[in-house]
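For clarity, every value in this text was computed on a predicted model and none was experimentally measured.
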Amino acid sequence: MDFLNVFHAPFKRHRLISPYGFFHIHLIPCNYQLLLSLGSTGPLHFEPRFCNMTMARCVHYGRFFRNPPHPRVFAHKKFISHKTRFRFASGYEVLEGCSESFVKIDAEGAEINWLKNLSHDAQRNIQQMLIVVKDLHKDAQKKKAVLRKLNDTHFITHVQPIWAKGLEQHPDGFPIPKMMVLQYINQKWFEDYPSLNTESFPWKGDSVTKNFFRLEYPPYCRLSEDALTKTSTLTP
C-alpha cells in the first residue's frame with residue numbers, strides 16, 4: 001500500500017474549481033515557469049485565479065477551449081496518448097529545459113503510460129502534479145510500479161475521490177476509489193521527511209455528493225490507532 005501513502009504538507013491550501021466540483025491544492029512557494037495541462041478542457045487546468053498567481057507560460061494539449069479561461073493559455077489541438085499517430089503528441093517536449101513546472105494530466109486512460117515514459121530528469125523538475133487515476137484494480141502491478149516511480153521524487157499530499165464512481169477492492173486488499181485525483185509535491189519543498197497524513201478525506205470545502213464516503217483508513221489516512229487495524233468495507 002506504500003505507493004498510495006499520503007503525507008502531511010505544511011503549505012497553505014487553495015481551492016480550485018474543477019469539472020468534478022471543488023477541491024484543494026497546496027500552494028508551494030514556487031515561481032512556476034510552466035503550467036502544463038494534458039487532456040480535457042475543464043477549468044481545473046487553468047483556473048483564472050490560479051493563473052493570476054503566477055507569470056508562468058500556460059500550455060494545453062487537447063480539445064480547444066471555446067473561451068480560453070486566461071489570455072496566457074496556449075492550446076494545441078493534439079491529444080495525449082501512448083499511441084503515435086497524426087494529431088497525437090507526448091507533451092514531453094515542452095518540459096525540456098523547464099525546471100519549475102506544474103503538470104495536470106487527465107488523458108482519458110493514457111495517464112499511466114505517459115507517466116511511465118516520463119524521463120527521470122523531467123519528473124524531477126516537475127514541482128507539482130495533479131493526476132487523474134482510474135481503475136487501479138485493473139492492471140494493478142503496472143500501475144503500482146508507475147506510482148512508486150513518482151514516489152522517488154514526490155510525495156502525495158491530497159486525494160480527491162470522484163465520489164460518483166464508487167469504490168473497488170485493490171488486489172493488495174484495501175478499498176480504492178475507482179477514480180481519483182492525486183496531488184504530488186516535489187520532495188525538495190520539504191525540509192524533513194513528512195509525517196503520514198492524519199486528516200480524513202474529503203477535506204472541508206472539497207466537493208462531495210449525497211452518498212459520499214470517507215477515506216479514513218490507510219494508506220490515505222492514519223486517523224487513529226483504531227484506524228490502523230480497521231477493516232474498511234466497500235459500502236459508503
Side-chain angles (χ1 to χ4, degrees), residues 1-9 11 25-26 28 30 32-39 45 59 61 79-84 88-162 168 170-190 192-197 201 215 218-221:
M1 299 192 301
D2 60 303
F3 67 99
L4 279 178
N5 277 341
V6 181
F7 294 88
H8 172 71
F11 305 109
I25 62 169
H26 287 103
I28 60 175
C30 180
Y32 290 113
Q33 299 172 355
L34 172 69
L35 304 182
L36 174 63
S37 80
L38 308 168
H45 300 261
V59 179
Y61 283 85
F79 299 90
I80 298 302
S81 173
H82 58 282
K83 301 175 182 178
T84 303
F88 279 79
S90 70
Y92 302 132
E93 61 276 10
V94 296
L95 290 171
E96 293 180 6
C98 180
S99 61
E100 306 289 333
S101 60
F102 188 135
V103 174
K104 163 65 179 71
I105 177 168
D106 180 5
E108 304 303 326
E111 299 89 356
I112 293 297
N113 281 319
W114 189 89
L115 294 166
K116 179 182 177 182
N117 294 313
L118 182 67
S119 73
H120 179 75
D121 286 345
Q123 177 178 312
R124 185 180 56 197
N125 286 335
I126 296 172
Q127 304 307 313
Q128 199 163 356
M129 288 185 277
L130 292 176
I131 302 168
V132 175
V133 177
K134 307 166 189 174
D135 299 325
L136 274 177
H137 62 291
K138 298 178 181 178
D139 204 4
Q141 293 307 309
K142 173 184 176 181
K143 293 175 180 178
K144 181 162 64 173
V146 170
L147 296 184
R148 278 189 170 145
K149 172 178 177 272
L150 295 183
N151 290 344
D152 290 341
T153 53
H154 293 71
F155 293 121
I156 302 173
T157 61
H158 186 218
V159 179
Q160 169 71 340
I162 309 305
E168 288 280 1
H170 191 273
D172 284 1
F174 62 98
I176 54 172
K178 292 182 181 178
M179 183 175 177
M180 57 185 165
V181 182
L182 300 178
Q183 178 188 221
Y184 286 83
I185 295 178
N186 195 299
Q187 293 176 5
K188 82 172 193 179
W189 297 102
F190 295 81
D192 301 302
Y193 197 88
S195 58
L196 291 167
N197 173 59
F201 299 103
L215 299 179
Y220 319 102
C221 172

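With E100 contributing its side chain and C98 its backbone, the two residues share no donor-acceptor pair below 3.5 Å. At least one donor-acceptor pair under 3.5 Å links the side chain of K143 to the backbone N or O of K134. A distance-only check finds no donor-acceptor pair linking the side chain of Y220 to the backbone of N197 [under 3.5 Å]. Judged purely by atom type and a 3.5 angstrom limit, E111 has no side-chain atom pairing as donor or acceptor with the backbone of I131.
Listed by first and then second residue, the salt bridge (charged side-chain N to carboxylate O under 4.0 Å, His left out) pairs that reach into residues 149-160 come to none, sequence neighbours excluded.
The side-chain contact (heavy atoms from CB on, under 4.5 Å) test with Q128 singles out one residue from T157, V103, N186, I28, and that residue is I28.
Contact detail for P161 and M180: the closest heavy-atom pair is CA-CB, 3.9 Å. Minimum interatomic distance between L4 and L136 (heavy atoms only, all atoms of both residues): CD1-CD1, 4.0 Å. The two residues V159 and F201 have their closest heavy-atom pair at O-CD2, 3.4 Å. Residues C221 and L215 share a closest heavy-atom pair of CB-O, 3.8 Å. The nearest pair of heavy atoms linking H120 to T153 is CE1-CG2, 3.8 Å. The shortest non-hydrogen separation linking I156 to N5 is CB-O, 3.5 Å.
Between K142 and N113 there is a side-chain heavy-atom pair separated by less than 4.5 Å.
Atom-to-atom distance recorded for E96:CD and N125:CG is 11.5 Å, nearest 0.5 angstrom. Atom CG of L150 and atom CD1 of I126 lie 8.5 Å apart (nearest 0.5 Å).
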Q: Evaluate side-chain contact (heavy atoms from CB on, under 4.5 Å) for C30 paired with W189, printing each intermediate quantity in order.
A: CA-CA 9 Å; C30 180; W189 297 102; 3.6 Å; yes
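The side-chain hydrogen bond (donor to acceptor under 3.5 Å, both in side chains) test applied to S99 returns no partner, not counting sequence neighbours. For K178, the salt bridge (Lys or Arg N to Asp or Glu O under 4.0 Å) partners are E168, not counting sequence neighbours. For D192, the salt bridge (Lys or Arg N to Asp or Glu O under 4.0 Å) test picks out no residue, with sequence neighbours left out. For H154, there are no side-chain hydrogen bond (donor to acceptor under 3.5 Å, both in side chains) partners two or more places apart in sequence or in a different chain. Remark: F155 pairs with F7, F190, Y193 by the ring-ring contact (aromatic ring centres under 6.0 Å, His included) rule, at least two apart or across chains.
Shown here is K138, whose NZ atom has no more than 12 heavy atoms of other residues, nucleotides or ligands within 6.0 Å.
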